[in-house]
Amino acid sequence: MLQNQLETLILQALKKAMKKGDLPKIPLPEITVTRPRREGQGDYSTALPLQIVKPVNIALKEKGESKRSPMQIGEVLIKRLPPAAFLERAELAPPGFINFYLSPGWLAQQAGAIVQQGPAYYRLNLGQGRKVQVEFVSANPTGPLHFGGARNAAIGDVLARLLEHSGYQVQREYYVNDRGAQMQTFAMTLWRRYQQLFGLDVEIPPDGYPGAYMIDYAKKIQATYGDTLLALPEDQVPARFRELGLAIVLDELKADLALMDVHFDTWFSEQSLYDDGTFARVFAILSEQGDLYEKDGAVWFRASQYVGGNRDEVFVRSNGEPGYFASDMAYHYHKFIIRGFDWVIDVWAVDHQNQAKRLPPSMKAFGVDPARLTIVLYDLVTLKRGGKEVKISKRSGDIITMREVLEEVGADAARYFLLSHSNEARIDFDLDLAVAQSNENPVYYIQYAHARSASILRKAREAGLEPSAAHLDLLTCPEEQALLRKMLQLPEVVAQAVERLAPHYLPHYALDLAKTYTQFYGHCRVLSKDPEQKDLTQARLMLVQAAKLTLSYVLSLMGMTAPESM
RNA sequence: GCCCCCGUAGCUCAGUGGCCAGAGCAGCGGCCUUCUAAGCCGACGGUCGCAGGUUCGAAUCCUGCCGGGGGUGCCA
């Protein structure tokens, strides 16, 4: 990344200035280079002179020399700045900024480099092959995914995509909570619905799942098994219907998630932790370490010694059932110790914030550095219809499913909308508004820019014109240069999104990029029949191709389609 | 009570120390014989919840307060 290269150059300049005696010796500061917001402040900027003016003057005073201003320090740094191909000049700006300008010629050449290297041009190697698991969605498998799950799916999937493109080896996992009380209730509701299909006068359990989808599940069982299951011995009912129901729900989840182009590598069963001895092993380890104790008939995990504070966690409930903390501990033991992930990212809704705070420090019980477990919290999605809130919970029975919303607004628009908010922001999603505004949705603007570039390239081919890197130096007009600059910003955006695990940088950048492209499109005619314009046309075609590739790349990072025509 | 998140233009939201605060949408004024007008150009629009503090510099960091949401030992 240019940003990093610049930081290195500035550091070299500082070291050299100190070595040559232009500046007194001071401890090396952290160099930060930013992109200024305004025009005329360069492509990059650093406030280093302002940052070091104090230590510099202290050092000068000790040597009995007179004080320097930030501007004087900046002047020295610029003088000592090593040359670089991408850099045209560095300018001093009051009260002590150094602004860097990219070389227009170098910029123009990047159009060729981007096309030649393809997406590899943008790929980063932040991860250096480290194994990271992104676990997301993981909604209870007791019904269809509601729209809140769609946000989890969008965030998790895009994080996975970002990490993949940044040199990590990524596994996407869905944690299936296929044990515990809610699973039991689910199985019994299904059983009753099944019986009802044959006219039996039975009620679903009082705390059961009232939603109509349960009837659909029962019908699926009926379609396969007819009435044969009515004769099932009562003691076999829960296990059998749990198994049948789970299979149906998982199939449905997979199909629904596929609508959003979300796919998992592994579907990890919670129950398997108990079947394969992982839980027993974790219990033994913690027990041996003295991390477990009994109180009020329950087994407690001494979380306080790892997390701090004085609160411990119920490990095995007084009814003998392991609690969620126990499952989470066993599950993460499996992730780190048995499967050996270097880094694990769990994507959770904000209502799990307490657990999110307590689980990572608890990893110390396994000798695992808590920094290897990152929990990404996102706020909930509130659905509205015509300004009125619609409940999306499963328990109320009447839920707005992810599938419904996707069918109404489309996967691309839904993804864009869900991604464009920062994780911490609550989302108000008005379905009526979303449908009404779908034509003004930024997602179409971005895709339109891509379709237009595809169209130009098609027309060029028909006219026998090909992109060429022979005269890229002709790409000097402001719109062309602005487009090149914007494209080169992509790696920085990706790096920032990865660093902060914040996918929302992507949609904002994508909109920016599309806007810059469309301005170029409006101001710089690409195809020309004038033979004298051939060199410029070919250079611009190269730029169009590079822009198309960049647009399609950022769209793919967001899991969105890049249409060739609209 | 304590803890976490949010409060920025009419609306939806970006912007986590840098030089005069941004975008989309809505509204206003221009632009279709030229590569897709799902577009372009221009103008309008803000006490960055409030009050202090730290800093050369604060929407951004700290403290307090107000408003909204969430969490808080046997649901996950």
Side-chain angles (χ1 to χ4, degrees), chain A residues 32 34 36-38 40-41 45-47 50-51 53-54 69-70 93-97 99 138-140 175 177 180-182 270 295-301 303-304 309-319 321-328 348-358 377-380 382 417 420-430 433-434 436-449 451-460 463 500 504-505 507-509 511-512 515 518-519 521-529 537 540-541 544 565-566:
Chain A
T32 49
T34 58
R37 296 217 187 95
R38 330 194 113 269
Q41 294 174 359
S45 170
T46 183
L50 290 162
Q51 282 162 11
V53 65
K54 201 173 260 181
S69 71
F97 294 99
N99 297 331
S138 301
N140 281 341
Y175 181 47
N177 295 113
Q182 88 278 346
E270 180 184 4
K295 192 181 110 187
D296 304 333
V299 177
W300 294 70
F301 171 64
S304 50
N310 54 10
R311 187 187 138 174
D312 291 334
E313 297 289 342
V314 170
F315 205 71
V316 181
R317 293 190 269 157
S318 48
N319 64 4
E321 284 293 313
Y324 62 85
F325 204 91
S327 275
D328 275 354
W348 292 357
V350 71
D351 55 344
H352 289 58
Q353 61 182 257
N354 192 53
Q355 179 76 338
K357 208 165 53 184
R358 302 177 66 76
L377 289 179
Y378 64 92
D379 213 313
L380 305 168
T382 316
F417 183 80
S420 58
H421 297 65
S422 64
N423 295 338
E424 309 82 48
R426 193 168 2 128
I427 296 187
D428 284 320
F429 189 74
D430 194 312
L433 225 57
Q437 289 184 351
S438 58
N439 275 347
E440 285 87 47
N441 196 308
V443 70
Y444 297 101
Y445 181 86
I446 299 163
Q447 292 179 322
Y448 192 50
R452 279 173 149 177
S453 61
S455 174
I456 289 180
L457 291 168
R458 268 197 308 273
K459 284 230 157 58
R500 288 168 58 175
H504 76 277
Y505 289 109
H508 291 279
Y509 169 76
L511 185 59
D512 248 15
K515 184 163 192 179
T518 307
Q519 283 167 338
Y521 179 92
H523 288 95
C524 308
R525 171 88 199 173
V526 176
L527 298 176
S528 167
K529 293 192 175 103
T537 294
R540 284 182 170 167
L541 280 171
V544 168
S565 66
M566 285 174 78

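Throughout, a chain's letter reflects where its sequence line sits, starting with A, and its residues are numbered from 1.
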- prompt: Within the structure shown, what part of the strands sits under 4.0 Å from A:Thr34 by heavy-atom distance: base, sugar-phosphate, or nothing?
  reply: nothing
A:Tyr505: side chain to side chain donor-acceptor pair (under 3.5 Å) partners, not counting sequence neighbours: A:Arg500
message: Please report the distance, rounded to the nearest Å, between CD1 in A:Ile427 and P in B:rC5.
response: 18 Å
message: Please enumerate all residues that pass side-chain contact (heavy atoms from CB on, under 4.5 Å) together with A:His504, with sequence neighbours excluded.
response: A:Ser422, A:Ala502, A:His508
query: With sequence neighbours excluded, what pairs up with A:Glu270 under the salt bridge (charged side-chain N to carboxylate O under 4.0 Å, His left out) test?
result: A:Arg179
query: Whole-Å distance between B:rA76 C1' and A:Asp328 CG?
result: 8 Å
Separation of B:rG15 C1' from A:Asp512 CG (nearest whole Å): 12 Å
query: If you measure from the P atom in B:rU60 to the same atom in B:rA9, how many Å do you get, rounded?
result: 15 Å
task: Kindly indicate whether the side chain of A:Gln41 and the base of B:rC19 share any N or O donor-acceptor pair separated by less than 3.5 Å?
output: yes
Under-3.5 Å N/O pairs linking protein and nucleotides 70-74 of chain B:
residue	atom	partner	partner atom	Å
B:rG70	O2'	A:Gln353	NE2	3.3
B:rG70	N2	A:Gln353	OE1	2.5
B:rG70	N3	A:Gln353	NE2	3.3
B:rG73	N2	A:Lys295	NZ	3.3
B:rC74	O2	A:Ser318	N	3.0
B:rC74	O2	A:Ser318	OG	3.4
B:rC74	N4	A:Asp296	O	3.3

- line: Rounded to the nearest 0.5 angstrom, the CZ-CG distance for A:Phe301 and A:Asp312 is 8.5 Å
query: For B:rC5, is chi within 90° of 0 (syn) or not (anti)?
result: anti
message: Between B:rA51 and B:rG42, how many Å separate the two C1' atoms, rounded to a whole number?
response: 40 Å
- request: Can you tell me, in whole Å, how much space there is between the P of B:rC50 and that of B:rU33?
  value: 50 Å
message: Going by side-chain contact (heavy atoms from CB on, under 4.5 Å), name the residues that satisfy it together with A:Arg317, two or more places apart in sequence or in a different chain.
response: A:Val314, A:Asn319, A:Glu321
- line: A:Glu424 CD to B:rG7 C1', in whole Å, measures 14 Å
query: Considering residues at least two apart in sequence or located in another chain, which fulfil the side-chain contact (heavy atoms from CB on, under 4.5 Å) criterion with A:Lys459?
result: A:Ser455, A:Leu527
- prompt: When all nucleic acid strands are considered with a 4.0 Å heavy-atom cut-off, which category describes A:Tyr505: base, sugar-phosphate, or nothing?
  reply: sugar-phosphate
task: May I have the distance from A:Lys357 (atom NZ) to B:rC2 (atom P), rounded to whole angstrom?
output: 14 Å
- request: Only counting residues at least two apart or in another chain, list the ones meeting salt bridge (charged side-chain N to carboxylate O under 4.0 Å, His left out) with A:Arg452.
  value: none
message: Give me the distance, rounded to whole Å, that separates B:rC35 from B:rG69 when you measure between the C1' atoms they each carry.
response: 50 Å
- request: Send over the distance from A:Met566 CE to B:rA37 C1', rounded to a whole Å.
  value: 13 Å
message: Please confirm whether the shortest side-chain N or O distance from A:His504 to OP1 or OP2 of B:rG15 is below 4.0 Å.
response: yes
- prompt: When the nearest nucleotide of RNA chain B is assigned to A:Glu270 and to A:Gly522 on a heavy-atom basis, which residue is associated with the more 5' position?
  reply: A:Gly522
- prompt: Between B:rC13 atom C1' and A:Asn423 atom CG, what is the distance in whole Å?
  reply: 14 Å
Residues which pass salt bridge (charged side-chain N to carboxylate O under 4.0 Å, His left out) with A:Arg311, listed by chain and number, not counting sequence neighbours: A:Glu313
field: Distance below 4.0 Å between A:Arg500 side-chain N/O and B:rU16 OP1 or OP2
entry: yes
- prompt: If the C1' atom of B:rC13 is compared with that of B:rG46, how far apart are they to the nearest Å?
  reply: 14 Å
- prompt: If you check every side-chain atom of A:His421, which of B:rU55, B:rU12, B:rG68 has the closest atom?
  reply: B:rU12
field: Gap between atom CD of A:Gln182 and atom CG of A:Asn177 - 0.5 Å precision
entry: 6.0 Å
message: Just to be sure I understand the rule, does A:Ser327 reach a base, reach only the sugar-phosphate, or reach nothing, if contact means heavy atoms closer than 4.0 Å?
response: nothing
message: Taking any heavy-atom pair under 4.0 Å as a contact, classify A:Ala93: base, sugar-phosphate, or nothing.
response: nothing
message: Using only atom types and a distance under 3.5 Å, with no angle test, would you say the side chain of A:His352 pairs donor to acceptor with the backbone of A:Trp348?
response: no
message: Suppose you measure atom C1' in B:rA26 against the same atom in B:rC44; what distance do you get, rounded to whole Å?
response: 13 Å
statement: Between the CG atom in A:Leu380 and the CG atom in A:Asp351, the distance rounded to the nearest 0.5 Å is 5.5 Å
query: Once Watson-Crick and G-U wobble pairs under 3.5 Å are found, how is RNA chain B written in dot-bracket notation, 5' to 3', with | for any base paired to another strand?
result: ((((((((.[[[[.)..(...]]]]..((((.......))))......[[[[[..)....]]]]])))))))....
statement: From CZ of A:Phe429 across to P of B:rC13 the rounded distance in Å is 12 Å
query: Is a side-chain N or O of A:Ser138 found less than 3.5 angstrom from the main chain of A:Tyr175, in a donor-acceptor match?
result: yes
Between the protein and nucleotides 41-46 of chain B, which nitrogen or oxygen pairs are less than 3.5 angstrom apart?
residue	atom	partner	partner atom	Å
B:rC41	OP1	A:Gln519	NE2	3.1

task: Using the test salt bridge (charged side-chain N to carboxylate O under 4.0 Å, His left out), find all partners of A:Asp512 that sit at least two apart in sequence or belong to another chain.
output: A:Lys486
task: Among the candidates B:rC13, B:rA37, B:rC35, find the nucleotide nearest to the side-chain atoms of A:Arg452.
output: B:rA37
field: Pairwise P distance for B:rG7 and B:rC48, with rounding to whole Å
entry: 14 Å
message: Judged by each residue's nearest nucleotide on RNA chain B, which is more toward the 5′ side, A:Phe417 or A:Ala181?
response: A:Phe417
- request: Check if the side chain of A:Asn99 and the base of B:rC19 share a donor-acceptor pair of N or O atoms closer than 3.5 Å.
  value: yes
message: What's A:Leu511 touching, base or sugar-phosphate or nothing? Going by heavy atoms closer than 4.0 Å.
response: sugar-phosphate
task: With side chain to side chain contact (heavy atoms under 4.5 Å, CB included) as the test, would you mind laying out the steps for A:Tyr445 and A:Thr518 before giving the verdict?
output: CA-CA 9 Å; A:Tyr445 181 86; A:Thr518 307; 3.5 Å; yes
- request: Pick the P atom in B:rA59 and in B:rC65, then give their distance to the nearest Å.
  value: 23 Å
- prompt: If you look at every strand shown and take non-hydrogen atoms under 4.0 Å, does A:Pro507 touch a base, only sugar-phosphate, or nothing?
  reply: nothing
task: Please work out if A:Tyr445 contacts a base, only the sugar-phosphate, or nothing of the nucleic acid, heavy-atom cut-off 4.0 Å.
output: sugar-phosphate
message: Using the side-chain contact (heavy atoms from CB on, under 4.5 Å) criterion, which residues pair with A:Asn99? Sequence neighbours excluded.
response: A:Gln41, A:Ser45, A:Ala93, A:Phe97, A:Tyr101
